Number of protein chains: 2
Amino acid sequence: MSKIQHRNLYREVADRIRELIEHGELIPGERISEKQLCETFGVSRTPLREALKVLASEGLVELLPNRGARVMQLTVKMVKDTYDLMGALEGLSGELACQQISDEEIAAICDLHEQMLTHYRNREMQPYFKINRRIHESILAAANNEVLQEMYNNLSYRVKRVRYSKKMTDNFWRQAVNDHEMMIEALKKRDGKRLGQILRDHLCNKLEVVTLAGVIENDELINAANA
Amino acid sequence: MSKIQHRNLYREVADRIRELIEHGELIPGERISEKQLCETFGVSRTPLREALKVLASEGLVELLPNRGARVMQLTVKMVKDTYDLMGALEGLSGELACQQISDEEIAAICDLHEQMLTHYRNREMQPYFKINRRIHESILAAANNEVLQEMYNNLSYRVKRVRYSKKMTDNFWRQAVNDHEMMIEALKKRDGKRLGQILRDHLCNKLEVVTLAGVIENDELINAANA
DNA sequence: TGCCGGCATTTTGAATTCATAATACCTTTT
DNA sequence: AAAAGGTATTATGAATTCAAAATGCCGGCA
């Protein structure tokens, strides 16, 4: 029995705008016309503006007083900063998870790990990433810290756009899988310090940033290079 | 030359409500009457409701659809979770700070540290905490990661209310000062790993939570015990 | 030709109004 | 007297309206 979802318009609208940003249909830096969005969504300006306020405090859009809203522009530094943060959060999630994770949960993660390995051997990128993501989510969930989850998801959303532009070279991929092996090992031993360290240091996300940093200057804007 | 502050009403209102919450004039769990707040602030419902949306995504208030807003109720678990997170963030700030902090910045922090020690020796609680806070803020600033700063400040705001109820026993205090000595040492050596570890493990905030946890059950609400 | 200033238009900010969901109160019935 | 149901009231959700700021356009002027 799932909770009844009283969907307010502003939540709905916020979700839709998030999608638009994620899929690159709203260009970063470009001015968001309230009227236009109102028309496309078929709502009045009130819920739309409320949605923009929420998105602004999530860091997805920027509100310039008397000058409307625009999609937050990401710089390489911002992305790097965000990834540093996410690394720390993943590390914490690993430590906390080890303190209380059940045998069943560990088994489930090991199972996911095996599936991931299969996808790796078959060089199936998309399925690989999907499982990869689920593993990290499982650890995050096992940490049993809602505040942490909320923060992580928020950060994750901010940089979701740039994930499309990642390049997965064979070397990086192998390294990533190797890290996951170590992770599983640490998890089985419930070695929180070690799992945390692995997650912090070797966040597979890092390589994406490295890739990016090679191309774009530190304070330069990230162009909306999406799929 | 400071930036011109275009103060929108909703920002102003949000700030005011934050103050009300912080000072315990809005009781956690108690329903926030829109009309009443509108009258006290002398604004219409539109900016008020926008402010509430912002505060909600900051985690300070809770919006129940069709049922108005209420000040977020803190449970001991939530506070503990938040402090775990803040510990991780402080740890990160230490690591990052060591990578790029200048000699001048280190000197400034050492200076603050000396001031703090004086207040400690004189048993001047309030000044001690003030300087203590400034030290942590300095390290956070030296980390040069705006996203991190933003997150930390947000988390800090959420639990600001409970800080009033902390008890500083002699033992805890001595321990805290001792940690600070180690911190300074690590900072001088620019030993990021170590500074991070010290900050993570021995966040002086932790003791407050411990104190609290001794009195209140884990999922119990924290009563609005303010100064 | 290029720049400045004023008017018109557009867009945002805030108040008001209208609609609908929730709550309280009162009546009715057992 | 207590409970159930229905109506009245109140509070919230959303649209509309009004006000003010910003932008754009045009003409005048150097």
Side-chain angles (χ1 to χ4, degrees), chain A residues 1-21 25-73, chain B residues 1-21 25-73:
Chain A
M1 177 131 169
S2 72
K3 205 178 282 182
I4 306 163
Q5 282 287 45
H6 275 271
R7 299 300 292 174
N8 290 29
L9 262 187
Y10 85 95
R11 285 170 185 279
E12 208 86 43
V13 170
D15 288 346
R16 295 285 297 276
I17 297 178
R18 271 193 214 95
E19 283 174 24
L20 289 182
I21 293 175
E25 290 167 51
L26 285 173
I27 313 300
E30 196 180 72
R31 188 167 180 171
I32 300 177
S33 163
E34 288 187 5
K35 199 200 274 181
Q36 190 181 321
L37 276 187
C38 284
E39 284 165 10
T40 56
F41 293 148
V43 298
S44 80
R45 279 176 59 217
T46 308
L48 180 84
R49 301 185 81 241
E50 290 176 345
L52 287 176
K53 299 282 181 302
V54 172
L55 295 173
S57 55
E58 284 174 9
L60 279 175
V61 308
E62 208 174 1
L63 293 181
L64 312 174
N66 290 318
R67 218 167 293 187
R70 60 191 58 192
V71 178
M72 183 67 83
Q73 293 195 320
Chain B
M1 177 131 168
S2 72
K3 205 179 281 183
I4 306 164
Q5 281 287 46
H6 276 271
R7 299 299 294 172
N8 291 31
L9 263 187
Y10 84 95
R11 286 170 185 278
E12 207 86 43
V13 170
D15 288 346
R16 295 284 298 276
I17 297 178
R18 269 193 216 96
E19 284 174 25
L20 290 182
I21 293 175
E25 290 167 51
L26 285 173
I27 313 300
E30 196 179 71
R31 188 168 180 171
I32 299 176
S33 163
E34 288 187 5
K35 200 202 273 182
Q36 190 181 322
L37 277 186
C38 284
E39 283 165 11
T40 56
F41 293 148
V43 298
S44 81
R45 278 177 60 218
T46 307
L48 180 83
R49 300 183 83 244
E50 290 177 344
L52 287 176
K53 300 282 182 299
V54 172
L55 295 173
S57 56
E58 283 175 9
L60 281 175
V61 308
E62 207 174 0
L63 294 181
L64 312 175
N66 290 317
R67 219 168 292 189
R70 60 190 59 191
V71 178
M72 182 67 83
Q73 294 194 319

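Chain A is the first sequence line, chain B the second, and so forth, proteins listed ahead of strands; every chain is numbered from 1. Since this is a predicted model, take the numbers as computed values, not measurements.
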(request) Drop me the distance from B:L63's CG to A:N8's CG, to the nearest 0.5 angstrom. (result) 8.5 Å
(message) Whole angstroms only, please: what is the CG-P distance between A:L9 and D:dT12?
(response) 18 Å
(request) Could you say whether A:R31 or B:G42 is positioned toward the 5' end of DNA chain C, judged by the nucleotide with the nearest heavy atom to each? (result) A:R31
(request) Record whether the side chain of B:T46 comes under 3.5 Å of the base of C:dA15 through a donor-acceptor pair of N or O atoms. (result) yes
(request) State which of C:dT12, D:dA15, D:dA14 makes the closest approach to the side chain of A:V43. (result) D:dA15
(message) Let me confirm one number: the CG-CD1 distance from B:L52 to B:I17, rounded to the nearest 0.5 Å.
(response) 5.0 Å
(request) Of all the heavy-atom pairs spanning B:P28 and B:M72, show the shortest one and how long it is. (result) CB-O, 3.9 Å
(request) May I have the distance from A:N8 (atom CG) to D:dA11 (atom P), rounded to whole angstrom? (result) 19 Å
(request) Take the protein atom CD of B:E12 and the nucleotide atom P of C:dG13, then report the distance between them rounded to whole Å. (result) 15 Å
(message) Among D:dT12, C:dT11, D:dA22, which nucleotide has an atom closest to any side-chain atom of B:N66?
(response) D:dT12
(request) Let me know the distance between CZ of A:F41 and P of D:dG13, rounded to the nearest Å. (result) 20 Å
(request) Give one of base, sugar-phosphate or nothing for B:L63, where a contact means two heavy atoms less than 4.0 Å apart. (result) nothing
(message) For the CD atom of A:Q36 and the CZ atom of A:R31, what is their distance to the nearest 0.5 Å?
(response) 12.0 Å
(message) In whole Å, I'd like the distance from the NZ atom of A:K35 to the C1' atom of D:dT23.
(response) 14 Å
(message) Could you measure the distance from the CD atom of A:E58 to the CG atom of A:L55? Nearest 0.5 Å is fine.
(response) 5.5 Å
(request) Taking all non-hydrogen atoms of both residues into account, name the closest pair between A:S57 and B:S57 and its distance. (result) OG-OG, 2.5 Å
(request) Write down the distance between CG (A:L64) and C1' (C:dT11), rounded to a whole number of angstrom. (result) 13 Å
(message) What's the closest nucleotide to the side chain of A:R67 if the choices are C:dT16, D:dT23, C:dG13?
(response) D:dT23
(message) Just verifying a value: how many Å separate A:E25 CD and A:R16 CZ, rounded to the nearest 0.5 Å?
(response) 9.5 Å
(message) Please report the distance, rounded to the nearest Å, between OH in B:Y10 and C1' in C:dA15.
(response) 18 Å
(message) Given D:dT17, D:dT12, D:dG13, identify the nucleotide with an atom nearest to the side chain of A:R45.
(response) D:dT17
Distances under 3.5 Å between nitrogen or oxygen atoms of protein and nucleotides 5-7 of chain C:
none

